Asks: 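Dumping the structure here so I can ask a few things about it.
Computed from heavy atoms alone, side chains included, the values below leave out hydrogens, waters and symmetry copies. Keep in mind the model is a prediction, meaning the values are calculated, not measured.
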Amino acid sequence: MPELPEVETIRNKFRQGTDDTPSLIGKRVTGTELLWERTLDTPSPEEFSARILGQEFTDVGRRGKYLLFHLQQDTLVIHLRMSGDLLFEAADDPIAPHHRLLLYLDDEYRLAFNDMRKFGRVWLVKDPQSLLAHLGPEPLDENLTPEDFHQRLGKYRRQLKPLLLDQSFLAGVGNIYADEALHQAKLHPQTRSHTLSLADITRLLYALQSVLKEAIRRQGSSIDWVYRDGDFQNHFQVYQRTGKPCYDCGTSIERITVGQRGTHFCPECQPYPNDG
DNA sequence: ACGAGCGCCTGTCGGC
DNA sequence: TGCCGACAGGCGCTCG
């Protein structure tokens with residue numbers, strides 16, 4: 001579920017702290033509890049516990065949708081997938097449903113990885129580069145120019161929507177923000193990537209960046225019961241607005257399936273290109 | 001090269 | 001009321 005803006009919001013929460021959550025930086029891991037074995041990808045549970053105990057958090061980063069919790073000797077890498085969340089709790093709070101991994105901190109607090117659908121994964125590695133090597137550029141990297149984007153897009157003859165969701169093409173965009181950015185750029189989700197003009201591509205890159213920045217500013221999107229603090233769900237133009245009028249032209253928003261993902265768009269503002 | 005199908009999981013919602 | 005399918009923010013795999 002969480003995409004770049006939600007992951008960035010969580011990263012900021014644990015790096016800087018909030019009104020009710022202290023920063024993780026400087027806290028020491030004093031205990032671990034693995035409640036669902038498959039949540040831990042690497043290394044074995046025994047080695048994980050032995051290696052992480054005693055280490056202090058030194059920084060919290062993000063690459064694409066991966067959270068990077070830097071420790072003194074290792075990096076704890078977490079991917080939240082569809083339903084993962086991270087919670088800062090008192091060490092003696094009752095263990096909530098769907099908690100999968102607990103890290104006790106200085107015997108006073110704990111960091112809880114909660115993940116209803118169990119798709120999320122955790123790694124403890126010396127160097128996260130090997131895990132992240134497959135990722136494409138960060139969409140908010142200011143060095144990513146429309147010309148770069150043009151060149152990357154031209155290498156494929158793929159539908160735009162699945163291409164934007166491909167993390168090796170661009171890191172961090174998921175189903176919500178792909179639909180929102182394509183609407184802002186006035187591009188049909190099934191447009192073939194190699195048919196776009198430089199003007200189209202410039203508009204698409206700008207739309208991706210402005211949608212992601214605005215979502216980060218609003219602390220992400222809160223759907224269901226996760227990420228309650230986010231506000232961006234109140235500003236969706238197309239996502240989950242099937243049958244409702246487009247704010248720009250009044251036409252009913254349509255929902256189709258593209259690359260096996262629900263896809264929302266305005267058939268008037270985002271017409272299917274004539275050449276397919 | 002590209003996309004469909006499926007597996008991994010649990011939960012909610014709408015239709016009958 | 002209960003059952004059943006569709007769907008959900010992700011991604012890795014196989015198969016044409």
Side-chain angles (χ1 to χ4, degrees), chain A residues 1-11 35-42 62-67 77-86 96-101 113-123 130-136 139 152-182 189-195 208 211-212 215-216 218-236 238-243 254-264 276:
Chain A
M1 144 222 155
E3 307 181 29
L4 188 156
E6 292 76 33
V7 178
E8 181 68 12
T9 299
I10 292 171
R11 177 232 184 168
L35 301 162
W36 182 255
E37 290 251 345
R38 297 193 58 177
T39 292
L40 179 61
D41 184 283
T42 307
R62 177 191 61 75
R63 175 78 171 94
K65 301 174 195 172
Y66 292 82
L67 280 161
V77 182
I78 299 183
H79 196 305
L80 303 170
R81 293 283 181 96
M82 288 288 268
S83 58
D85 196 7
L86 286 167
H98 314 310
H99 273 10
R100 307 303 180 198
L101 174 66
F113 178 44
N114 185 283
D115 184 23
M116 185 183 76
R117 292 178 71 180
K118 301 177 176 171
F119 292 161
R121 288 293 178 270
V122 172
W123 300 259
S130 55
L131 272 177
L132 310 174
H134 69 286
L135 293 174
R152 292 181 64 77
L153 275 163
K155 289 185 194 162
Y156 305 94
R157 306 176 140 251
R158 296 177 61 183
Q159 303 179 114
L160 278 184
K161 170 85 184 271
L163 189 55
L164 294 178
L165 296 183
D166 184 337
Q167 301 299 296
S168 70
F169 175 73
L170 193 65
V173 176
N175 209 36
I176 294 176
Y177 301 105
D179 282 3
E180 293 296 318
L182 286 167
Q190 289 174 301
T191 311
R192 293 282 161 174
S193 55
H194 65 286
T195 66
L208 283 162
V211 163
L212 293 171
I216 291 170
R218 296 186 178 279
Q219 320 245 66
S221 304
S222 309
I223 303 179
D224 303 330
W225 60 95
V226 191
Y227 310 109
R228 284 168 291 275
D229 293 341
D231 179 48
F232 193 74
Q233 70 280 5
N234 299 318
H235 301 268
F236 291 160
V238 287
Y239 187 77
Q240 287 189 343
R241 295 197 62 244
T242 309
E254 282 186 17
R255 182 190 180 281
I256 58 175
T257 299
V258 181
Q260 284 137 274
R261 308 298 301 277
T263 297
H264 314 75

Asks: Quick one: side-chain contact (heavy atoms from CB on, under 4.5 Å) partners of A/Arg121, sequence neighbours excluded?
Replies: A/Arg38, A/Asp41, A/Trp123

Asks: Would you tell me if any nitrogen or oxygen in the side chain of A/Tyr239 comes within less than 4.0 Å of OP1 or OP2 on C/dG9?
Replies: yes

Asks: Less than 4.0 angstrom between a side-chain N/O of A/His98 and OP1 or OP2 of B/dG11, yes or no?
Replies: yes

Asks: Applying side-chain contact (heavy atoms from CB on, under 4.5 Å), name anything that partners A/Arg157, two or more places apart in sequence or on another chain.
Replies: A/His194

Asks: Please tell me if A/Lys65 has a side-chain N or O lying less than 4.0 Å from either OP1 or OP2 of C/dG10.
Replies: yes

Asks: Roughly how many Å apart are B/dA4 and C/dC7, using the P atom of each and rounding to a whole number?
Replies: 15 Å

Asks: Does A/Arg121 put a side-chain nitrogen or oxygen below 4.0 Å from OP1 or OP2 of C/dG10?
Replies: no

Asks: Return the set of residues passing side-chain hydrogen bond (donor to acceptor under 3.5 Å, both in side chains) with A/Gln167 (not counting sequence neighbours), or none when no residue passes.
Replies: none

Asks: Got A/Leu101 and A/Leu40 here, is their nearest side-chain heavy-atom distance under 4.5 Å?
Replies: no

Asks: Holding to salt bridge (charged side-chain N to carboxylate O under 4.0 Å, His left out), I want the full list of residues that pass it with A/Arg152, two or more places apart in sequence or in another chain.
Replies: none

Asks: Which whole number of Å gives the distance between the P atom of B/dC9 and that of C/dC13?
Replies: 15 Å

Asks: Taking C/dG5 as the reference, what is the distance to B/dG7 when you measure between their P atoms (whole Å, please)?
Replies: 15 Å

Asks: With sequence neighbours excluded, what pairs up with A/Phe236 under the side-chain contact (heavy atoms from CB on, under 4.5 Å) test?
Replies: A/Ile176, A/Glu180, A/Ser221, A/Ile223, A/Phe232, A/Gln233, A/Tyr239

Asks: If you check the A/Trp36 side chain, which of C/dC11, C/dA8, B/dC9 turns out closest?
Replies: B/dC9

Asks: Does one side chain, of A/Arg218 or A/His235, offer a donor that lies under 3.5 Å from an acceptor on the other?
Replies: yes

Asks: What's the closest nucleotide to the A/Phe119 side chain, out of C/dG9, C/dC7, B/dC9?
Replies: B/dC9

Asks: Any side-chain hydrogen bond (donor to acceptor under 3.5 Å, both in side chains) pairs touching residues 254-263 of chain A, not counting sequence neighbours?
Replies: A/Lys161-A/Thr263

Asks: With DNA chain C as reference, determine whether A/Arg117 or A/Leu165 sits nearer its 5' end, using the nearest nucleotide of each.
Replies: A/Arg117

Asks: Taking the minimum atom-to-atom distance to the side chain of A/Met116, which one of C/dC11, B/dG11, C/dA8 wins?
Replies: B/dG11

Asks: With P as the reference atom in both, quote the distance from B/dC8 to C/dC3 in angstrom, rounded to an integer.
Replies: 25 Å

Asks: OP1 or OP2 of B/dC8 sitting under 4.0 Å from any side-chain N/O of A/Lys118?
Replies: no

Asks: List every contact pair, protein side and nucleotides 1-4 of chain B side both N or O, where the distance is under 3.5 Å.
Replies:
unit_1	atom_1	unit_2	atom_2	d
B/dC2	OP1	A/Arg157	N	2.4
B/dG3	OP1	A/Gln159	N	3.2
B/dG3	OP1	A/Arg192	NH1	3.1
B/dG3	OP2	A/Arg158	NE	3.2

Asks: Kindly write out the residues that satisfy side-chain contact (heavy atoms from CB on, under 4.5 Å) with A/Pro139, not counting sequence neighbours, or none if the list is empty.
Replies: A/Leu4, A/Leu170, A/Val173, A/Leu212

Asks: Between B/dG11 and C/dC11, how far apart are the two P atoms, rounded to whole Å?
Replies: 22 Å

Asks: Check DNA chain B for consecutive Watson-Crick or G-U pairs with both distances under 3.5 Å and list the runs of at least three as stems.
Replies: B:2-8 with C:10-16, B:10-16 with C:2-8

